[in-house]
Amino acid sequence: YMIAAGHNSQVTRRFFCPYIISHPTVIKGSLESKNINTSRIISPVIDFRWDKKKGRKGLSKGFDKKAFGQADGLWDAFEEGKRAMEDFKRGCTAEGNKILEGIKERNEIGVVILGHPYNIYDPAANLHLIEKLARLGVTVIPMDFLPLDQVELGEEFSNLFWETGRKIVLAAKYVSQTKNLFALYITNFSCGPDSFVLSYAEEVMHGKPMLILEIDEHGADAGFMTRLEAFVDVIHSNKSTTIKGPYKIKTRSIGKEELKQRTLLVPSMHPVGTILLSAALRGCGLDARPMDMETRADFELGKRLCRGSECIPTWSTIGRFIKEIETKKIERPALFMPTASGPCRFGQYKTLHRIILNRLGKEDVPIFSWCAEDSYDGLGTKERRLLWNAVLISDLLFKLRCRTKPYEKNRGETVGVLSDSIKKITVGLEKGSVPYDEAKKSLDMFSKIKIREERRPLVGIVGEIYVRCNPFSNQYLIEAIEEAGGEAWLAPISEWVLYTTFVEKQLYSGRFDIAQYLKNHFMGSDAESWADLSEGLLSNRREPSIETIISEGERYFPLEFEGESILTVGRGIEFVKQGVDLIINCAPFGCMHGNLTTAVFQKIEAELGVPVINIFYDGEREVNGIIRSTIKNKLEKYKEKPLCLLENT
């Protein structure tokens with residue numbers, strides 16, 4: 001499992017592509033599906049950020065000591081391999097400098113090939129197009145031959161956590177500033193990192209000609225050759241183009257004091273969570289407002305502003321934000337867009353949104369972003385606890401809604417109680433303290449809802465957090481399940497927060513100090529307290545510990561492979577243990593973690609005997625009818641199976 005390249009001060013992380021990281025899991029699964037024994041496959045975790053202590057431990061864990069030697073010998077071999085790799089890189093750069101000098105002296109044209117190694121170096125993958133380009137009379141240079149250490153990535157790309165993506169942007173910056181150099185970007189269909197990096201490369205090229213070729217298994221070289229020939233004609237006509245200075249994307253940082261003078265708009269990720277989180281932010285002294293649920297028009301606007309290959313939350317959040325500030329005439333808006341340090345595409349939303357706002361002439365509009373890695377910098381312990389409890393209460397209320405609504409005798413009563421509860425708890429959060437009394441009253445109101453004692457199949461929902469929680473993105477999946485005769489159990493938002501805290505502690509403990517510990521120690525205890533408080537109503541709907549979920553997920557993905565894959569698979573297995581009759585795995589179209597977990601769930605479905613439906617949402621296809629009919633057909637088989645009755649204690 002190749003996790004990441006070494007540390008670099010210009011970026012937060014240097015992850016390899018999730019498909020590369022998880023390659024052993026995919027290979028093993030594929031072989032096992034053909035009944036091929038995989039016990040002899042060696043798949044250790046390899047992380048180039050390791051120091052000697054962590055490296056010895058990691059290598060010893062992944063290799064058989066009898067076959068490969070003791071820890072010191074393994075580490076020495078690892079270090080020797082790294083030195084050889086660095087020597088090779090220096091050799092490539094030296095050769096590249098010779099080529100660049102020749103281009104300059106002869107006033108020739110050079111085309112730098114951008115892309116992932118498996119696209120630009122494998123002639124079978126790129127249809128030998130690079131050799132054919134060279135025959136058209138231009139000098140071809142792989143991006144790895146450029147002196148990229150001479151280029152600054154810039155603050156705007158400080159969270160570009162994919163290693164190859166980082167190199168692509170550096171190479172594009174170098175090309176944009178160098179006379180007679182142009183770029184050919186070779187990508188492949190539905191590449192997750194490239195869905196964002198392509199936009200970055202275009203941005204830093206700043207109008208200088210660049211050809212993008214997207215390869216898939218259906219492509220033939222004839223059509224591509226026509227485009228290559230046209231591209232060569234274009235770059236010959238641009239040979240004397242004046243060199244532009246280094247192009248930087250205008251960033252817009254914002255401090256807490258200025259933020260207090262702004263209207264902070266919060267995307268509608270969760271039907272309850274967005275409202276309560278906004279209220280808690282107001283309790284912290286900010287003018288935070290939940291944005292309305294996205295509409296089809298918002299989605300279409302957002303997609304037009306992007307390339308169209310990104311994931312659906314990218315489009316719907318920026319589209320809704322633009323509509324919100326324009327239709328509601330908000331004078332000093334700011335976008336609330338948390339981020340992460342990879343390797344999921346979610347961590348790139350903030351960067352692309354910044355580019356889009358700049359293009360629209362809204363450079364003054366800031367994006368307010370927190371990251372789990374910085375422990376939500378700028379917040380005191382009281383504020384953190386308030387926001388954390390807002391998340392926990394949101395999960396609790398929505399779980400009560402899903403647990404009760406399918407069985408209510410008086411139609412609409414559950415939604416009414418939920419609405420009243422949100423209003424009362426919102427008032428409490430706005431006062432800046434955790435509204436325990438209001439929450440307890442809400443529990444009491446839910447306990448008084450009259451219900452029917454009947455059997456309904458139970459459906460566990462896992463997957464990408466925004467899509468599984470946002471009704472617009474998943475086309476009201478909860479309602480579809482209930483209309484089909486089932487009861488939905490949605491994996492909570494708090495699961496992700498607890499996971500990121502766990503990962504920071506386990507993998508990056510060197511960064512933790514006593515202050516950080518004091519800021520985060522209450523998270524687990526608060527979660528347990530709310531679970532205990534609702535034990536009577538949700539006795540058989542309790543969430544497993546984050547340690548348990550990760551332990552199950554680690555059977556398929558190492559902890560070092562950060563992101564939602566390990567959570568989705570681990571929670572899915574736990575759902576089976578808790579008696580669900582069906583699992584639905586939600587993901588945006590093109591989601592790397594969604595594709596990986598889909599492959600793993602095929603094996604889990606066969607082993608555990610619980611069906612799994614993997615649904616990819618792109619916002620284009622109307623799938624509500626498909627969802628309803630599919631779920632209904634799946635659940636018909638399980639109606640005779642004894643299920644837990646709803647206990648109204």
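Values below: every heavy atom of this structure, side chains too, minus hydrogens, waters and symmetry copies. For this chain, numbers begin at 1 and follow the sequence in order. Remember, it's a predicted structure, so these values are computed and weren't measured experimentally.
Put simply, the side chain of I113 does not reach to within 4.5 Å of the side chain of M143, judged on heavy atoms. Taking 4.5 Å as the limit, every side-chain heavy atom of R252 sits out of range of all side-chain heavy atoms of L357. Side-chain contact between C586 and V462: absent, with no pair of heavy atoms (C-beta onward) separated by less than 4.5 Å. Looking at S199 and I355, their side chains never come closer than 4.5 Å, going by heavy atoms from C-beta outward. A 4.5 Å side-chain heavy-atom check between M337 and I318 finds every atom pair outside the cut-off. Side-chain contact between L305 and L360 is present, with at least one heavy-atom pair separated by less than 4.5 Å.
For the pair K82 and F48, the cation does not sit on the ring face, since its NZ or CZ is not both under 6.0 Å from the ring centre and inside 45° of the axis. Cation-pi geometry between R49 and F15 is met: the NZ or CZ atom falls under 6.0 Å from the ring centre, inside 45° of the normal.
Of the N and O atoms on the side chains of E156 and T251, not one donor lies less than 3.5 Å from an acceptor on the other residue. With hydrogens and angles left out, the side-chain atoms of Y200 and Q348 include a donor and acceptor closer than 3.5 Å. Between the side chains of N180 and N107, at least one donor-acceptor pair of N or O atoms lies under 3.5 Å. Remark: the K28 side chain and the S43 side chain contain an N/O donor-acceptor pair separated by less than 3.5 Å. In summary, the side chains of D144 and Y121 do present a donor paired with an acceptor at a separation below 3.5 Å, with no hydrogens or angles considered. S195 and R345 share a side-chain donor-acceptor pair at under 3.5 Å. Residues S565 and H593 have side chains that bring a donor and an acceptor to within less than 3.5 angstrom of each other. Counting only N and O atoms by type, the side chains of N8 and E163 include no donor and acceptor under 3.5 Å apart. Residues N614 and N585 have side chains that bring a donor and an acceptor to within less than 3.5 angstrom of each other. Checked by atom type, the side-chain pair D298/T295 shows a donor-acceptor distance below 3.5 Å. For the residue pair Q602 and S33, no side-chain donor N or O sits within less than 3.5 Å of a side-chain acceptor on the partner. In this structure, a donor-acceptor pair under 3.5 Å is absent between the side chains of D47 and Y1.
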Quiz item: Can you check salt bridge (charged side-chain N to carboxylate O under 4.0 Å, His left out) on K89 and E86, steps first, answer last?
Solution: CA-CA 5 Å; K89 289 180 179 179; E86 292 302 321; 3.8 Å; yes

Practice problem: Kindly indicate, with the supporting measurements, whether the criterion side chain to side chain contact (heavy atoms under 4.5 Å, CB included) is fulfilled by V111 and I235. | Solution: CA-CA 9 Å; V111 176; I235 60 180; 3.8 Å; yes

Exercise. Test salt bridge (charged side-chain N to carboxylate O under 4.0 Å, His left out) on E202 and R359 and set out the steps.
Key: CA-CA 13 Å; E202 286 181 320; R359 288 174 181 168; 5.4 Å; no

Practice problem: Run the numbers on I583 and I613 for side chain to side chain contact (heavy atoms under 4.5 Å, CB included), then give the verdict. | Solution: CA-CA 6 Å; I583 296 171; I613 300 177; over 6 Å; no

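Between the side chain of E564 and the backbone N or O of L567, no donor-acceptor pair lies under 3.5 Å. One N or O on the side chain of N159 and one on the backbone of G347 form a donor-acceptor pair closer than 3.5 Å. Between the side chain of T317 and the backbone N or O of P267, no donor-acceptor pair lies under 3.5 Å. The backbone N or O of E214 sits nowhere less than 3.5 Å from a side-chain atom of Y185 that would complete a donor-acceptor pair. A donor-acceptor contact shorter than 3.5 Å links the side chain of N358 to the backbone of K250.
Atoms CZ and CE, on F231 and M225 in that order, are 13.0 Å from each other to the nearest 0.5 Å.
The ring pair (Phe, Tyr, Trp, His ring centres under 6.0 Å) test applied to Y349 returns F346, not counting sequence neighbours. With sequence neighbours left out, Y118 forms a ring pair (Phe, Tyr, Trp, His ring centres under 6.0 Å) with H116. Evaluation of the ring pair (Phe, Tyr, Trp, His ring centres under 6.0 Å) rule for F557 yields F561 as partners, not counting sequence neighbours.
Heavy-atom contacts from other residues, nucleotides or ligands closer than 6.0 Å to CD of E155 number 12 or fewer. Remark: F589 CZ is loosely packed, at most 12 non-hydrogen atoms of other residues, nucleotides or ligands lying under 6.0 Å away.
Each of Y19, F16, W162 was checked for a side-chain contact (heavy atoms from CB on, under 4.5 Å) with P343, and the lone residue meeting it is W162.
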